Protein chains: 2
Amino acid sequence: MSTKVSDSTIRRLSHYLRILETLERSGGGTVSSTHLAQAAGTTAAQVRKDLSLFGSFGKRGLGYQVADLGDRIRGILGLDRSWPVVLVGAGRIGSALFEYRDFRRRGFEIVSVLDRDARKVGVRWGPIEIEDAATLEAVIARESVEMLILAVPAPAAQEIVDRAVAAGVRGVLNFAPVRLRTPDGVFVHNVNMVMELEALSFDLTSREHGLEVGRGD
Amino acid sequence: MSTKVSDSTIRRLSHYLRILETLERSGGGTVSSTHLAQAAGTTAAQVRKDLSLFGSFGKRGLGYQVADLGDRIRGILGLDRSWPVVLVGAGRIGSALFEYRDFRRRGFEIVSVLDRDARKVGVRWGPIEIEDAATLEAVIARESVEMLILAVPAPAAQEIVDRAVAAGVRGVLNFAPVRLRTPDGVFVHNVNMVMELEALSFDLTSREHGLEVGRGD
DNA sequence: AGGTGTGAACACTTTCACAGCA
DNA sequence: TGCTGTGAAAGTGTTCACACCT
């Protein structure tokens, strides 16, 4: 029960959860791995393998209880609680993230926004007032924050992370296009939109040159 | 030369390219796979394997010519051209993406922004005027666009994609939290920020329960 | 010596196929 | 019968180790 769990499995669990929540809203009942797989764009065997890494949640012949499975996955992912998050960087991306409703809906609450720019410090964003990035450590302590969203320019990113980690942060969602160095026990997930467009560019380019991938006609 | 190339390889190529461009700016010369690997956070063997999928770009005993390797990777990724892109959705995320400088820097140019909301249509964003989403097909034809950035609410996403694909779009960067259905030959890459936070939540939660991962002390 | 290119070994992930319970 | 849970097989991706070129 404490073996290595792959990143893809976690992403799929997150996806299953989204589907289960839709089902919860429209009544509940039970789902089969086949149904979940179809909705998530994977296979029934994959769904069962993913879940079986954490326990036996279904009933043979019946499937999974929608509400129960939802609870289980929330438990696995650590979503049966609320996560206070600090956002560093009040630029365009930071602002979009701050307004992003789905974060709060899932229990991630941005409790403080910091920026280095003196012209931004003090500005109100809804219920929050932008604070000086110099006070990062104090804010992390004050809010007991373990997660940080980093939306600052690349050159500033590493310094902020170093300070945040020293102040107790253990997880970072990084939007800056740099590979951050962190000690063991600190987790970084990167969102790099340029990289995604480049992957798309590759897909379109290779197809043009005529790869196999198949259309058939 | 036309074998299957994994997604991870493409992402790493994109990363190598970023490093090479930094090196280009600071003089050029040559790099070894070891050096590249270190900067990209991977292994020398991995770098060589990745590159060898596309050809032999290095000189034994010497390494890779920085400028040349950059050109090669740009060629592989299809970045030796400019890509016109249509952005659908002029909300918070759309706006942040529109202002995102790194897109243009890499040859992705947002040539048109569309929105369904009549109050947004006609609004100027710098050199561009927001157009009505109803004209999607016309815009795609007019601008000869093959790539779409989707930043609309989840319920609207599938319809936009269907229409865009029918009008000739072959690649979509999707920010809506839904699995899009597309025909063969159309590529979709998803950016799901909630999913990333949930993965972080899992990381932090599992560590708390005491997994192996190792800190040692 | 120094560093690439690559087959072979290894590790990890996904799929298969079926035993077993409701 | 229907659908889960899971070992075993197949498939993918990564690392090793070394021949070979400069």
Side-chain angles (χ1 to χ4, degrees), chain A residues 1-16 19-20 23 29-70 72-73 76 199 202 211-214, chain B residues 1-16 19-20 23 29-70 72-73 76 199 202 211-214:
Chain A
M1 203 179 256
S2 89
T3 339
K4 264 269 204 42
V5 178
S6 82
D7 227 59
S8 345
T9 292
I10 296 305
R11 285 242 263 287
R12 283 192 299 266
L13 286 180
S14 177
H15 200 168
Y16 303 155
I19 293 158
L20 288 165
L23 292 173
T30 66
V31 242
S32 64
S33 56
T34 311
H35 184 102
L36 260 180
Q38 189 156 35
T42 180
T43 68
Q46 182 73 79
V47 170
R48 296 200 299 275
K49 250 288 145 57
D50 286 340
L51 296 175
S52 78
L53 293 174
F54 300 95
S56 298
F57 307 140
K59 291 254 182 302
R60 297 173 195 234
L62 263 166
Y64 305 87
Q65 207 69 31
V66 168
D68 174 60
L69 186 57
R72 300 305 194 113
I73 295 181
I76 293 163
F202 172 78
L211 231 53
E212 71 290 345
V213 185
Chain B
M1 202 178 255
S2 89
T3 338
K4 263 268 204 40
V5 178
S6 83
D7 229 59
S8 346
T9 292
I10 297 305
R11 286 242 262 288
R12 284 191 298 267
L13 286 180
S14 177
H15 200 167
Y16 303 155
I19 294 158
L20 288 166
L23 292 174
T30 68
V31 241
S32 64
S33 56
T34 311
H35 184 101
L36 260 180
Q38 190 156 34
T42 182
T43 66
Q46 183 72 80
V47 171
R48 296 199 300 274
K49 250 284 146 60
D50 286 338
L51 296 175
S52 78
L53 293 172
F54 300 95
S56 299
F57 307 140
K59 291 252 183 304
R60 299 176 192 230
L62 262 165
Y64 303 88
Q65 207 69 30
V66 169
D68 174 60
L69 186 57
R72 299 304 194 115
I73 295 181
I76 292 163
F202 172 79
L211 232 51
E212 69 291 344
V213 186

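These figures come from a predicted structure and were not determined experimentally.
When the side-chain nitrogen and oxygen atoms of B:Tyr64 are compared with OP1 and OP2 of C:dG2, none of them lie within a distance under 4.0 Å.
The interatomic distance linking B:Leu53 (CG) with C:dT4 (C1') rounds to 14 Å, in whole Å.
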Item to check | Stepwise side-chain contact (heavy atoms from CB on, under 4.5 Å) test for A:Val5 and A:Phe54 | outcome: CA-CA 9 Å; A:Val5 178; A:Phe54 300 95; 3.8 Å; yes
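For A:Ala199, the side chain to side chain contact (heavy atoms under 4.5 Å, CB included) test picks out B:Ile10, B:His189, with sequence neighbours left out. Applying the side chain to side chain contact (heavy atoms under 4.5 Å, CB included) criterion to B:Thr43, with sequence neighbours excluded, gives B:Ala45, B:Gln46. Here A:Ser32 pairs with A:Thr34, A:His35 under the side chain to side chain contact (heavy atoms under 4.5 Å, CB included) rule; sequence neighbours left out. Remark: A:Arg72 engages A:Asp68 in a salt bridge (Lys or Arg N to Asp or Glu O under 4.0 Å) (not counting sequence neighbours). Under the side chain to side chain contact (heavy atoms under 4.5 Å, CB included) criterion, A:Ser8 pairs with A:Ser6, A:Arg12, sequence neighbours left out.
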Restricting both atoms to N or O, compile the protein contacts to nucleotides 13-16 of chain C shorter than 3.5 Å, with distance only.
from: C:dT14; atom 1: OP1; to: A:Arg12; atom 2: NH1; distance (Å): 3.2
from: C:dT14; atom 1: OP2; to: A:Arg12; atom 2: NH2; distance (Å): 3.0
from: C:dT14; atom 1: O5'; to: A:Gln46; atom 2: OE1; distance (Å): 3.2
from: C:dT15; atom 1: OP2; to: A:Thr43; atom 2: OG1; distance (Å): 3.3
from: C:dT15; atom 1: O4; to: A:Lys49; atom 2: NZ; distance (Å): 3.1

Between the protein and nucleotides 19-22 of chain C, which nitrogen or oxygen pairs come in under 3.5 angstrom?
from: C:dA22; atom 1: O4'; to: A:Arg60; atom 2: O; distance (Å): 3.1

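The line from CG of B:Leu13 to NE2 of B:His15 is 11.5 Å long, rounded to the nearest 0.5 Å.
Closest approach of A:Leu62 and A:Thr30 over heavy atoms only: O-OG1, 4.0 Å.
Among residues at least two apart or in separate chains, there is no side-chain hydrogen bond (donor to acceptor under 3.5 Å, both in side chains) pair with a member in residues 55-67 of chain A.
Close approach of DNA chain D to chain B, defined as any atom under 4.0 Å from a non-hydrogen atom of the protein, starts and stops at D:dG13 to D:dT22.
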